[in-house]
Amino acid sequence: MGVYGFWLQVRCNQGKSIGLWYICALIANLLLIGTFRMKVLVVDDEVPIVEVICYNLRKEGYIACSASDAETCIEAVKTHLPDLIILDVMLPAASGFDVCRALRRQSNVPIIMLTAKAEETDRVVGLELGADDYITKPFSIRELMARVKAVLRRTQTAEVPGNDVVRVGHVTIDPVRYEVTVGDRRVDLSPKEFDLLRFLAAHAGQVFSRQALLDRVWGPDAYVEDRTVDVHIRWLREKVETTPSRPNHLLTVRGVGYKFNSE
């Protein structure tokens with residue numbers, strides 16, 4: 001029954017209302033359960049895969065819901081407000097990449113991409129669009145559950161600065177409005193690009209290795225490669241720098257890593 005249910009039982013029994021006690025205890029337990037259970041949305045058009053993933057998510061204590069295509073996924077995100085999405089790349093009508101792109105325009109919910117292709121290009125595209133992790137089919141269900149836990153944990157513990165506006169040179173980063181401007185030009189960034197730029201700008205002049213950036217921005221339990229940082233830096237340069245091939249802000253320190261130039 002739980003602590004809240006027991007407390008309500010005592011209070012309601014004092015009023016000699018067993019029916020009311022039952023209702024109060026039931027509501028309390030539902031609220032208590034809901035408080036500690038995170039919700040995961042599984043998006044895949046292969047029913048057996050969805051059933052296996054949802055079954056194991058529930059075993060791990062998560063609330064699992066599902067969608068089979070892009071349209072129902074977008075609606076499910078609005079309806080269920082998931083804490084994480086497991087998103088298949090190969091969906092009918094629109095691809096998982098299209099869904100990821102659409103979601104990133106309105107939400108920062110963590111996304112793990114499922115792909116049947118092992119090519120690096122597919123993984124890089126997903127990460128560039130804002131996915132937090134990827135896993136290749138066929139996959140171990142234990143590995144998938146471990147990645148779900150790791151992504152949820154690092155999205156809660158990843159080190160980013162506070163909500164103060166960061167201004168370095170002509171670059172202004174407003175975390176409250178989730179806006180980046182370079183001079184008078186507004187720049188649209190994916191959530192992870194925003195976090196990376198914000199972190200580097202907040203520590204302008206300091207040099208960070210790829211692994212340090214993975215630990216500080218993605219989180220220490222991230223299942224991603226060093227190349228992930230390179231990809232995000234390249235895309236940031238395309239969006240922030242006047243001449244991406246000769247960057248003034250996001251500089252490479254050869255043999256060490258990256259820094260944000262404060263000059």
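The line from SG of C54 to NZ of K59 is 14.0 Å long, rounded to the nearest 0.5 Å. Distance check: M38 CE to D83 CG gives 4.0 Å after rounding to the nearest 0.5 Å. Between the CG atom in D69 and the CD atom in E75 there is a gap of 10.5 Å [rounded to 0.5 Å]. Remark: L236 CG to S190 OG distance equals 7.5 Å, nearest 0.5 Å. To the nearest 0.5 Å, atom CG of residue L114 and atom CG of residue L91 are 9.5 Å apart. Distance check: I74 CD1 to T79 OG1 gives 11.0 Å after rounding to the nearest 0.5 Å.
Look at E60 and K149 and you find a salt bridge, because one of the NZ, NE, NH1 or NH2 atoms lies within 4.0 Å of a carboxylate O, short of that distance. The existence of a salt bridge linking E46 and K137 is confirmed by a sub-4.0 Å separation between a basic side-chain nitrogen and an acidic carboxylate oxygen.
Between C100 and L87 the shortest heavy-atom distance is N-CD2, 3.9 Å. When all heavy atoms of P247 and E241 are compared, the pair lying nearest together is CB-OE2, 3.4 Å. Closest approach of P82 to I85, counting heavy atoms only: CG-CG1, 4.0 Å. When all heavy atoms of A70 and V99 are compared, the pair lying nearest together is CB-CG2, 3.4 Å. Nearest heavy-atom pair, D45 versus S68, reported as atom, atom and distance to 0.1 Å: CB-O, 3.5 Å.
When each of L189, V180, I173 is checked for a side-chain contact (heavy atoms from CB on, under 4.5 Å) with R198, only I173 meets the rule. For the side-chain contact (heavy atoms from CB on, under 4.5 Å) test with T172, the passing option among V182, V166, V187, T181 is T181; the others fail. Paired with I86 under the rule side-chain contact (heavy atoms from CB on, under 4.5 Å), one option of V148, V43, V151 passes, and it is V148.
Within the 4.5 Å cutoff, the side chain of L250 has no heavy atoms near those of the Y258 side chain. For the pair L144/I141, a side-chain contact is recorded, criterion being any heavy-atom separation below 4.5 Å from C-beta on. In this structure the side chain of H203 reaches within 4.5 angstrom of the side chain of F208, judged on heavy atoms. Taking the side chain as every heavy atom from C-beta outward, R210 and R227 never approach each other to under 4.5 Å. For the pair L200/L213, a side-chain contact is recorded, criterion being any heavy-atom separation below 4.5 Å from C-beta on. Contact check for L196 versus I233: side-chain heavy atoms found under the 4.5 Å cut-off. By the 4.5 Å heavy-atom criterion applied to side chains, K239 and W235 are counted as neighbours. Here the side chains of R186 and E179 are in contact, with some heavy-atom distance below 4.5 Å.
Using modelled atom types, one side-chain atom of K39 and one backbone atom of H80 make a donor-acceptor pair closer than 3.5 Å. Using a distance-only test at 3.5 Å, with no hydrogens or angles considered, no donor-acceptor pair links the side chain of T243 to the main chain of S245. In this structure, D44 contributes its side chain and V50 its backbone to no donor-acceptor pair below 3.5 Å. Counting only distance, with no hydrogens or angles, the side chain of R147 and the backbone of Y134 share a donor-acceptor pair below 3.5 Å. Remark: the backbone N or O of S95 is paired with a side-chain donor or acceptor of D98 at under 3.5 angstrom. Side-chain atoms of R58 come within 3.5 Å of backbone atoms of A64 as a donor-acceptor pair (strictly under, hydrogens ignored).
Judged purely by distance below 3.5 Å, without hydrogens or angles, the side chains of T252 and R237 pair a donor atom with an acceptor atom.
When hydrophobic clusters are built by joining Ile, Leu, Val, Met, Phe, Trp and Tyr residues whose side-chain heavy atoms come closer than 4.5 Å, directly or via intermediates, M90 is grouped together with L103. A single hydrophobic cluster is not seen to contain both L251 and V256; linkage of ILVMFWY side chains at heavy-atom distances under 4.5 Å, directly or through other members, places them apart. The hydrophobic cluster containing F139 also contains V40, counting ILVMFWY residues as joined when their side-chain heavy atoms lie under 4.5 angstrom apart, directly or transitively. Residues M145 and I49 share a single hydrophobic cluster, defined by chaining ILVMFWY side chains whose heavy atoms lie under 4.5 Å apart. Under the 4.5 Å side-chain heavy-atom criterion for ILVMFWY residues, no single connected hydrophobic cluster contains both L152 and L81.
Sparse packing is recorded around CD of E71, with 12 or fewer heavy atoms of other residues, nucleotides or ligands lying under 6.0 Å away.
Every residue two or more places apart in sequence or in another chain that forms a ring pair (Phe, Tyr, Trp, His ring centres under 6.0 Å) with Y178 is listed here: F194.
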Verify side chain to side chain contact (heavy atoms under 4.5 Å, CB included) between D133 and M113, making sure each step is shown before the conclusion. CA-CA 6 Å; D133 202 353; M113 303 289 290; over 6 Å; no

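A parallel orientation is assigned to the rings of F260 and H249, their planes being inclined by less than 30° (bins at 30° and 60°).
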